[in-house]
Amino acid sequence: MQSIDNFNFDGKKVFVRVDFNVPLNDKFEITDDTRIRRALPTIKKILADGGSVIIGSHLGRPKKGPEAKFSLKHIVARLSELLGQEVKFAEDCKGSVAEEAVAELKPGEVLVLENLRFYAEEEGKPRGLAEDATDEDKAAAKKAVKESQKQFTKDLAKLADVYVNDAFGTAHRAHASTALIADLFSSENKMFGYLMQAEVDAVEKVLKTAQKPVTAIIGGSKVSSKITIIENLLSKVDNILIVGGMAFTFAKAQGGRIGSSLCEDDMIETAINVMNKSKELGVNLVLPTDCVAADKFANDADTQICDDKNIPDGWMGLDMGPASCAEMAKVIKDSKTILWNGPAGVFEMAKFQEGTKTIAEAIAEATSNGAFSLIGGGDSVAAINQFGLSDKVSYVSTGGGALLEMIEGKDLPGVKAIRG
Ligand code: AMP
C-alpha cells in the first residue's frame, strides 16, 4: 500500500477527501474547528513537496441540491488562517467551474471544492421522490442515481493525479468520493492521509496488536446501540466495564429493582446472554454496584447513594456511585490497553459527572504509566475535553460512527477502497 510519507507530490494535483463537516452557528461561524486542524498535516505535506491540493468534503446533510447554509465557502477563511496562505474556492465540485479552477491551480496552492453532497450522486441515494412513490418508482430512482454516480465519480477523479483519503469520519460510507473514486487511481497513486492512517492504526492497536490486559469501557444510554460492539469486544478483551444508563438494563436482568432508571426491557435477554458469554470466555465483566440516584432528571435534584439493584421507586440512577468508581478505576489503572466509548453518567450536569470524571482520570493515569488508550465516540470525546485530559490519553478519535463500526469488526468501505 502506498504511504503518504514515501510519496513525493512535487508537481502533482491531489484530490484530498477530508471531513470538514464542522459545526456552524447561525452566522455560519465555525464553533469547533478540530476536524480542520486534524487534516492540516496531510495538506501541509503535499504543499511542502510542491503539490497542489484540491479539497473535497461534505458539510451537513443537504437533501435538495445547493443550499447556502451548507456551502463549503464558510470554511475557506478558517482554513486559510490555519494554513497561513490564501485558499481558493470553486463554486461547484465538478464540471467546467471545477475544471477551470483546477487548471489554474499552481504548485503550493489550495482549492476547496463546493459541497460534494450538493449532488445526490455523492451518496448514491435518490432525492426528491414523490410522497406517493411506489416501490417500483423507488427502485427505478435508485438504479438511475447509481448509474449517474459512475459518471460523477469519473468527473471528480479526472480533476487530479493522486487521491488521498483523510476523511476517517466518513470512512464507513461507500460514497463516490470516499470509496468508489479510489478504483479510478492506480495503487501507487492512492493512499491514506495522516489522520486516516493514525485512526486506523489506533483501532488496530486496540483490536489486533494489543498489550494485555486489555480493558474496554462501554457506556452511554442504550444497550441496543452498543450491543454489536460489546459482542465483538468479548473475544478480544480481558475486562469489559459496562457503565452509564445501559448498566441498569443489566441490573434489572439480574433481578434488581432499578426505580425509574433507564432500561430497555427488550434488551434484558441480550444482557443475560452477554453475562453468560463473558463467563464462558473468561472475560472479567464489571458492572457498577452502586449509583447516585436522583428524584428527578435535573442538576438541582435531591440525590442519594443507592445499591444498583435496590433503587427506590420514583428515583433514577444518573451516575456511578463511589464504590463502583473505586473498582472501575482500579481495573483501568491495571490495564495496558484501554478503549473508552460512552459516559458513565449524565456528565453534562455537574452533579452527575463524578463517574465519568473518575474514568477519564484513571485512563490518564494508566496512560502516564505506559498504557495505550483510545477514546472515541462523541460523548466520551466531549467528556475528556471537558475535564481537560485530552492530551493525557494516547489517542482521541475524530470518528463517531466510523470508529464504532470499526470496533464492531466491520470493514470500512473507505479503508478497504485503499487497502484492499
Ligand atoms: P449514547 O448517546 O448512547 O452514547 O449516550 C450518551 C448519553 O447517555 C449522554 O448524553 C449521557 O447524559 C447519557 N447517560 C449516561 N448515563 C446515564 C444515566 N444513568 N441515565 C440517563 N442518561 C445517561
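Model, not experiment: these values are computed from the prediction. Both ligands and their constituent atoms are indexed starting at 1 by order of listing.
Residue L339 is tested with T215, I217, L233, V214 for a side-chain contact (heavy atoms from CB on, under 4.5 Å); the sole match is L233. Considering D92, L59, N21 as possible partners of N115, the one that fulfils the side-chain contact (heavy atoms from CB on, under 4.5 Å) test is L59. Screening F15, F192, F9 against V164 for a side-chain contact (heavy atoms from CB on, under 4.5 Å) leaves a single residue, F9.
Here atom 7 (C) of ligand 1 lies nearest to D379 when heavy atoms of V292, N341, D379, T356 are compared.
Looking only at distances, no side-chain donor or acceptor of S80 sits under 3.5 Å from a matching main-chain atom of V76.
For F250 and F248, the ring centers are positioned 6.0 Å apart or more.
For atom 12 (O) of ligand 1, the closest non-hydrogen atom on the protein side is E348 OE1, 2.6 Å. For atom 16 (N) of ligand 1, the nearest non-hydrogen atom of the protein is G245 N, 3.1 Å. L262 CD1, 3.5 Å is the protein heavy atom nearest to atom 21 (C) of ligand 1. Looking only at heavy atoms of the protein, atom 22 (N) of ligand 1 is closest to V346 CG2, 3.6 Å. For atom 5 (O) of ligand 1, the closest non-hydrogen atom of the protein is S221 N, 3.0 Å.
Between K205 and D201 there is no salt bridge, since none of the side-chain N atoms of the basic residue sits less than 4.0 Å from a carboxylate O of the acidic one.
Each of the following atoms of ligand 1 lies closer than 4.0 Å to a heavy atom of G345: 11 (C), 12 (O), 14 (N), 15 (C), 16 (N).
With a 4.0 Å heavy-atom cut-off, ligand 1 is reached by the side chain of K226 but not by its N, CA, C or O. The residue M316 has no part lying near ligand 1, judged by heavy-atom distances below 4.0 Å.
Ring geometry for Y119 against F152 counts as tilted: the plane angle lies between 30° and 60°, on a 0 to 90° scale.
Under the 3.5 Å distance criterion, with hydrogens and angles disregarded, no donor-acceptor pair is assigned to the side chains of N276 and E280.
For the pair G317 and ligand 1, the shortest N or O to N or O distance falls below 3.5 Å.
Taking 4.0 Å as the cut-off, F248 counts as a neighbour of ligand 1 on heavy-atom distance. Heavy atoms of G342 stay at 4.0 angstrom or farther from ligand 1.
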